[in-house]
Amino acid sequence: MIVQRVVLNSRPGKNGNPVAENFRMEEVCLPDNINEGQVQVRTLYLSVDPYMRCRMNEDTGTDYITPWQLSQVVDGGGIGIIEESKHTNLTKGDFVTSFYWPWQTKVILDGNNLEKVDPQLVNGHLSYFLGAIGMPGLTSLIGIQEKGHITAGSKKTMVVSGAAGACGSVAGQMNENSHIILCGQISQYNKDVPYPPPLSPAIEAIQKERNITRERFLVLNYKDKFEPGILQLSQWFKEGKLKIKETVINGLENMGAAFQSMMTGGNIGKQIVCISEEISL
């Protein structure tokens, strides 16, 4: 079976701006048979996210994400439907997701690396599992709960510095005795600077004068809170308390354009690429 995939065509450089031409689409032959424990899936939706900019460099600068390799298939958050299964816990027609989904129209994956999702949690809007009812939503929710120390009735003001994106549009920083939660800084990802970027002397002086604390947050350190977090976000969505925004582009051939647009602020809410329609099998 001939399928389409997207590979890393070139690197923008640590101080360069990524462009659609950094990615290249090509055809590849998918094996006719799958092995025990594997599934063949059709990709429905793919995610493009700011952290991926680090994966375009030879060195990501972190120990929890690996760099993409030149001329190799790119991967990231994705969701799809199983067309064939040789995994004991997954069957044809199941919807599954992964944080390492290849940018490919169809793909054979190890079923143990996939998470089954329930469409009822998102009222059938499967792409929400890549946004507000997925990792970005969890980042917002858990970050506020664990680092923001904000509770109902506390009468605190919360400011989001990047409130139009996937996390900021779900979540929620500089008053006296305030607390800054550092979680992603898209404006710095095209620069060869450490994370978090050092503060200027003037800003450091303000920080000390006003007793402002600054703390990093990484949602992957709170995996035990993922399941209850997803259920909470789903409940708020169904109750109308959580408003979800998406920017959707169609077609695998537009993955590079979608990534470039996301990195330059072209999206409101989560940037999603629709690869194929959710047709029942």
Q: Donor-acceptor pair, Arg55 side chain versus Thr66 backbone, under 3.5 Å?
A: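 Checked: pair present.
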Q: List the residues meeting side-chain hydrogen bond (donor to acceptor under 3.5 Å, both in side chains) with Thr264, not counting sequence neighbours, and say none if there are none.
A: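 side-chain hydrogen bond (donor to acceptor under 3.5 Å, both in side chains) check on Thr264 returns nothing, list empty.
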Q: Specify the closest pair of heavy atoms between Ala258 and Val48, including all atoms of both residues, with the distance to one decimal.
A: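 Shortest heavy-atom contact: O-CG2, 4.0 Å.
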Q: Can you find a heavy atom in the side chain of Pro18 that is under 4.5 Å from one in the side chain of Gln260?
A: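 No; the side chains remain at least 4.5 Å from each other.
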Q: Taking 4.0 angstrom as the limit, do Glu83 and Lys106 come out as a salt bridge?
A: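 Salt bridge present between Glu83 and Lys106.
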Q: Are Thr105 and Ile275 close enough that some pair of their side-chain heavy atoms sits under 4.5 Å apart?
A: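 In short, these two side chains touch, coming nearer than 4.5 Å.
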Q: Do Met25 and Met255 share a hydrophobic cluster (ILVMFWY, side-chain heavy atoms under 4.5 Å, transitive)?
A: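 Same hydrophobic cluster.
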Q: Do you know which of Asp110, Asp94, Asn112 makes side chain to side chain donor-acceptor pair (under 3.5 Å) with His87?
A: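 Filter result, single survivor: Asn112.
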Q: Could you tell me which residues satisfy side-chain hydrogen bond (donor to acceptor under 3.5 Å, both in side chains) with Gln38, sequence neighbours excluded, listed by chain and number?
A: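 For Gln38 there are no side-chain hydrogen bond (donor to acceptor under 3.5 Å, both in side chains) partners, ignoring immediate neighbours.
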Q: Measure the shortest side-chain to side-chain distance between Lys116 and Asn89 over non-hydrogen atoms and say whether it is less than 4.5 angstrom.
A: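 Not touching, per the 4.5 Å side-chain cut-off.
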Q: Please round to the nearest 0.5 Å and tell me the distance separating atom SG of Cys274 and atom CG of Asn254.
A: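 These two atoms lie 11.0 Å from each other.
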Q: Between Gln271 and Met262, is there a donor-acceptor pair closer than 3.5 Å when you use the side chain of the first and the backbone of the second?
A: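 Judged by distance alone, no pair lies under 3.5 Å.
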Q: Got a donor-acceptor contact below 3.5 angstrom from the Thr139 side chain to the Met135 backbone?
A: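 Here the side-chain-to-backbone pair exists.
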Q: Using every non-hydrogen atom in the two residues, find where Thr247 and Ile268 come nearest and quote the distance to one decimal.
A: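 Closest approach of Thr247 to Ile268: OG1-N, 2.9 Å.
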Q: Under a 4.5 Å cut-off applied to non-hydrogen side-chain atoms, are Ser85 and Lys92 in contact?
A: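 Ser85 does not reach Lys92 side chain to side chain.
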Q: If hydrophobic clusters are built from ILVMFWY residues whose side chains come within less than 4.5 Å, do Leu46 and Leu126 share one?
A: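 In one cluster: yes.
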Q: Output, in order, the C-alpha distance, side-chain angles, deciding distance and verdict of side-chain contact (heavy atoms from CB on, under 4.5 Å) for Met56 and Phe259.
A: CA-CA 12 Å; Met56 300 183 77; Phe259 184 84; 3.5 Å; yes
Q: Any idea which heavy atoms bring Gly13 and Arg53 closest together, and the distance?
A: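 Gly13 and Arg53 have their closest heavy atoms at O-NH2, 2.6 Å.
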Q: Any chance CD of Glu253 has more than 12 other-residue heavy atoms, nucleotides or ligands included, within less than 6.0 Å?
A: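 Count over threshold, so yes.
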Q: Please assess Leu109 against Val96 for the test side-chain contact (heavy atoms from CB on, under 4.5 Å), listing each intermediate value before the final yes or no.
A: CA-CA 11 Å; Leu109 299 170; Val96 289; over 6 Å; no
Q: Rounded at 0.5 Å granularity, tell me how far CZ in Arg214 sits from CD1 in Ile181.
A: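 Separation between the atoms: 13.0 Å.
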Q: Any chance you could measure Ile212, atom CD1, to Ile203, atom CD1, to the nearest 0.5 Å?
A: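 Nearest 0.5 Å value for the CD1-CD1 distance: 9.0 Å.
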Q: Only pairs at least two apart or in different chains count here, so list each side-chain hydrogen bond (donor to acceptor under 3.5 Å, both in side chains) that has a residue in residues 124-137.
A: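 Counting only pairs at least two positions apart or across chains, the side-chain hydrogen bond (donor to acceptor under 3.5 Å, both in side chains) contacts touching residues 124-137 are Ser127-Glu246.
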Q: Once you round to the nearest 0.5 Å, how far does OH of Tyr45 lie from CZ of Phe95?
A: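 So the gap between those two atoms works out to 9.5 Å.
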Q: With side chains defined as the heavy atoms from C-beta onward, is the minimum distance between Ile82 and Gln40 less than 4.5 Å?
A: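 In short, these two side chains do not touch, never coming nearer than 4.5 Å.
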Q: Considering only heavy atoms from C-beta outward, does the side chain of Asp75 approach that of Gln104 to under 4.5 Å?
A: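 Of all side-chain heavy-atom pairs linking Gln104 with Asp75, none is under 4.5 Å.
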Q: Among the clusters formed by ILVMFWY side chains lying less than 4.5 Å apart, do Ile249 and Met52 turn up in the same one?
A: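 No; tracing contacts between hydrophobic side chains, which count when under 4.5 Å, never links both residues.
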Q: Could you tabulate the donor-acceptor pairs under 3.5 Å formed by side-chain atoms of residues 1-10, not counting sequence neighbours?
A:
from, atom 1, to, atom 2, distance (Å)
Arg5, NE, Glu26, OE2, 2.8
Arg5, NH2, Glu26, OE2, 2.7
Asn9, OD1, Arg24, NH1, 2.5
Asn9, ND2, Glu21, O, 3.1
Ser10, OG, Asn22, ND2, 2.8

Q: Going by side-chain hydrogen bond (donor to acceptor under 3.5 Å, both in side chains), name the residues that satisfy it together with Trp101, two or more places apart in sequence or in a different chain.
A: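 Testing Trp101 for side-chain hydrogen bond (donor to acceptor under 3.5 Å, both in side chains), a comparison that skips the adjacent residues, returns Thr43.
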Q: Looking at Phe129 and Val117, what are the two nearest heavy atoms and their distance?
A: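 Nearest pair, atom of Phe129 first, then Val117: CE1-CB, 3.7 Å.
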Q: By the rule that ILVMFWY residues connect when side-chain heavy atoms come within less than 4.5 angstrom, directly or transitively, which residues belong alongside Val73?
A: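 Its cluster partners, ordered by chain and number, are none at all.
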Q: Provide the closest heavy-atom pair for Ala257 versus Ala20 in the form atom of the first, atom of the second, distance.
A: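 It is N-CB, 3.7 Å.
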Q: Roughly how far, to the nearest 0.5 Å, is the CG atom of Leu242 from the CH2 atom of Trp236?
A: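 The CG atom of Leu242 is 8.0 Å from CH2 of Trp236, to the nearest 0.5 Å.
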Q: Compare every heavy atom of Tyr100 with every heavy atom of Tyr64, then report the nearest pair and how far apart it is.
A: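 For Tyr64 versus Tyr100, the nearest heavy atoms are O-OH, 4.4 Å.
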Q: Could you state whether Phe217 and Leu141 fall into the same hydrophobic cluster, counting links through intermediate Ile, Leu, Val, Met, Phe, Trp or Tyr residues with side-chain heavy atoms under 4.5 angstrom apart?
A: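 Shared cluster, yes.
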Q: So with a 6.0 Å cut-off around CD of Gln120, is the heavy-atom count from everything else above 12?
A: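 Open: at most 12 neighbouring heavy atoms sit under 6.0 Å from CD of Gln120.
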Q: Could you measure the distance from the CZ atom of Phe99 to the CG atom of Leu130? Nearest 0.5 Å is fine.
A: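 Atom-to-atom, Phe99:CZ and Leu130:CG are 10.5 Å apart.
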Q: Assess whether side-chain hydrogen bond (donor to acceptor under 3.5 Å, both in side chains) is satisfied between Arg42 and Ser276, documenting all intermediate values.
A: CA-CA 8 Å; Arg42 175 166 53 86; Ser276 63; 3.0 Å; yes
Q: Hey, mind stepping through Val41 and Ile81 against side-chain contact (heavy atoms from CB on, under 4.5 Å) and telling me if it holds?
A: CA-CA 5 Å; Val41 295; Ile81 186 170; over 6 Å; no
Q: Using side-chain contact (heavy atoms from CB on, under 4.5 Å), reason through Val273 and Leu252 one step at a time and then give a plain yes or no.
A: CA-CA 7 Å; Val273 181; Leu252 186 71; over 6 Å; no
Q: Tell me, do Glu215 and Ile180 make a side-chain contact under 4.5 Å, heavy atoms counted?
A: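 With C-beta onward as the side chain, the pair stays apart.
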Q: Under a 4.5 Å side-chain heavy-atom rule over Ile, Leu, Val, Met, Phe, Trp and Tyr, are Val28 and Leu30 clustered together?
A: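 Looking at the clustering, Leu30 is in the same group as Val28.
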Q: Given 3.5 Å as the limit, does a donor-acceptor pair link the side chain of Asp49 with the main chain of Tyr51, or not?
A: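 Flag not set: sc Asp49 to bb Tyr51 has no pair under 3.5 Å.
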Q: A side-chain contact here means heavy atoms from C-beta on lying under 4.5 Å apart; do Ile142 and Phe226 qualify?
A: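 They are in contact (side-chain heavy atoms under 4.5 Å apart), so the answer is yes.
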